[in-house]
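Numbering of residues begins at 1 and proceeds along the displayed sequence.
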Amino acid sequence: MLRYLEAGSGTPVVLVHGNFACKEWWRGLLEDPPKGARLLAPDLPGFGESPAPEGFTPSIPAYAQALRDFLQAVGAEEAILVGHSLGGAVVMEAADKRTKGLVLLNSAPPSGLLTPEAYYPVLESYRQDRKALEAALQAMAPTSRPPWFPELVDCAQKMHPAHFQGNARALALWRAGRAYGGPVLVLYGALDPLISREMAEATAAFFPKTKLQVLEGVGHSLNLENPGLLKAILEGFLKEVAG
């Protein structure tokens with residue numbers, strides 16, 4: 001089973017990290033959980049402390065299946081799924097009729113996310129070049145980073161070797177095949193250098209029951225930059241879902 005962190009009690013809220021990330025990206029939120037939420041933050045296969053199965057090929061459907069298996073194992077099949085970046089694609093793929101709601105945080109859009117071919121050698125170079133990797137991750141949290149940020153860089157560099165290029169290729173190949181019909185909250189940090197506002201608007205337009213919230217003064221990673229604001233937003237969404 002996937003390794004995970006847990007905090008709080010109440011409605012299951014499952015926090016799914018992005019590429020070059022791990023469960024520790026949610027530590028600020030886990031230290032001060034939203035009222036009424038049982039937070040569960042897993043490491044996807046090949047990230048953090050969750051090993052990838054032998055011969056694993058990164059793909060959004062494979063990550064989604066691992067997430068479904070995790071939800072069943074921890075008794076959280078009727079959960080709110082929160083996905084950050086690549087994790088947004090994973091929760092879109094994993095959501096079903098039992099899912100209580102989706103929160104998509106600067107998520108890859110339903111049409112996939114294309115990485116220019118010339119950038120793949122750069123992604124591969126991060127396996128050895130820690131300084132370059134650190135700079136890339138800093139750009140994903142431009143307004144604020146937690147004291148444990150160096151640990152996040154270490155975690156990123158310890159990803160499964162296939163992930164450095166494979167996750168970008170997985171996002172380029174993926175397309176959301178269906179739209180989850182329950183409540184969806186799309187959060188977009190306006191200072192994001194990776195995901196455009198147009199992508200966030202396209203994500204919101206894909207679902208029948210969506211609210212788009214644009215967050216000024218925040219970049220790609222609200223979970224790192226302002227976990228207190230994320231807590232407040234999730235508390236509001238929990239009330240809407242419960243009501």
Side-chain angles (χ1 to χ4, degrees), residues 16-22 25 44-48 52 55-64 66 83-94 104-143 145 149 152-177 179 186-207 212 214-216 218-225:
V16 183
H17 62 78
N19 194 15
F20 288 94
C22 60
W25 278 60
L44 294 173
F47 294 90
F56 181 83
T57 298
S59 75
I60 302 305
Y63 289 135
H84 175 226
S85 197
L86 173 144
V90 175
V91 302
M92 285 184 224
E93 185 78 15
L104 303 174
L105 173 55
N106 286 68
S107 170
S111 56
L113 185 64
L114 184 64
T115 296
E117 195 64 32
Y119 196 63
Y120 282 95
V122 177
L123 295 175
E124 187 65 26
S125 74
Y126 293 154
R127 290 181 62 187
Q128 289 80 32
D129 192 341
R130 189 183 190 281
K131 287 186 177 181
L133 174 57
E134 181 176 14
L137 294 180
Q138 286 174 346
M140 295 300 104
T143 67
R145 292 176 289 277
F149 184 77
L152 304 184
V153 181
D154 292 339
C155 184
Q157 201 163 37
K158 292 175 183 176
M159 286 193 312
H160 190 281
H163 284 14
F164 285 79
Q165 295 188 49
N167 289 323
R169 296 207 181 274
L171 280 173
L173 291 170
W174 175 74
R175 302 290 184 274
V186 177
L187 300 176
Y188 179 67
L191 301 180
D192 191 342
L194 179 64
I195 303 297
S196 68
R197 180 163 180 162
E198 289 74 19
M199 290 178 187
E201 291 171 348
T203 299
F206 182 73
F207 297 97
L212 171 63
V214 177
L215 306 170
E216 303 295 341
V218 179
H220 184 69
S221 306
L222 181 63
N223 43 352
L224 296 185
E225 295 173 71

Partner residues of [X] under the side chain to side chain contact (heavy atoms under 4.5 Å, CB included) criterion, sequence neighbours left out:
X	value
Pro61	Ser59, Glu93, Trp174
Ala139	none
Phe206	Pro110, Ala176, Ala179
Ala132	Tyr126, Asp129

Side chains of [X] and [Y], heavy atoms from C-beta outward: is any pair under 4.5 Å?
X	Y	value
Tyr188	Met199	no
Leu171	Thr115	no
Ile195	Leu113	yes
Cys22	Lys158	no

Distance, nearest 0.5 Å, that separates [atom1] of [X] from [atom2] of [Y]:
X	Y	atom1	atom2	value
Leu215	Asp192	CG	CG	11.0 Å
Trp25	His84	CH2	NE2	6.0 Å
Asn106	Leu187	CG	CG	8.0 Å

What are the two closest non-hydrogen atoms of [X] and [Y], and how far apart are they?
X	Y	value
Cys155	Ala21	SG-O, 4.1 Å
Ala190	Val214	CB-CG1, 4.2 Å
Met140	Pro193	CE-CG, 3.5 Å
Leu212	Ala204	CB-CB, 4.0 Å
Leu152	Leu137	O-CD1, 4.2 Å
Leu123	Ala168	CD1-CB, 3.7 Å

Identify, with sequence neighbours excluded, every residue that meets side chain to side chain donor-acceptor pair (under 3.5 Å) alongside [X].
X	value
Ser85	His220
Arg197	Glu201
Asn167	Asn19, Tyr63
Thr143	Glu225

Seminar exercise, completed: Across all chains, not counting sequence neighbours, the salt bridge (charged side-chain N to carboxylate O under 4.0 Å, His left out) partners of Glu216 are none
For this session: Could I get the full list of salt bridge (charged side-chain N to carboxylate O under 4.0 Å, His left out) partners for Arg145, not counting sequence neighbours?
Result: none
For this session: Assess whether side chain to side chain contact (heavy atoms under 4.5 Å, CB included) is satisfied between Leu173 and Ile60, documenting all intermediate values.
Result: CA-CA 9 Å; Leu173 291 170; Ile60 302 305; over 6 Å; no
For this session: For Phe164, check ring pair (Phe, Tyr, Trp, His ring centres under 6.0 Å) against everything at least two apart and list the hits.
Result: Phe20
Problem set entry | Qualifying salt bridge (charged side-chain N to carboxylate O under 4.0 Å, His left out) pairs, either residue in residues 111-125, two or more places apart | Glu117-Arg169, Glu124-Arg127
Exercise. Would the His17 and Phe47 ring centres measure less than 6.0 Å apart?
Worked result: yes
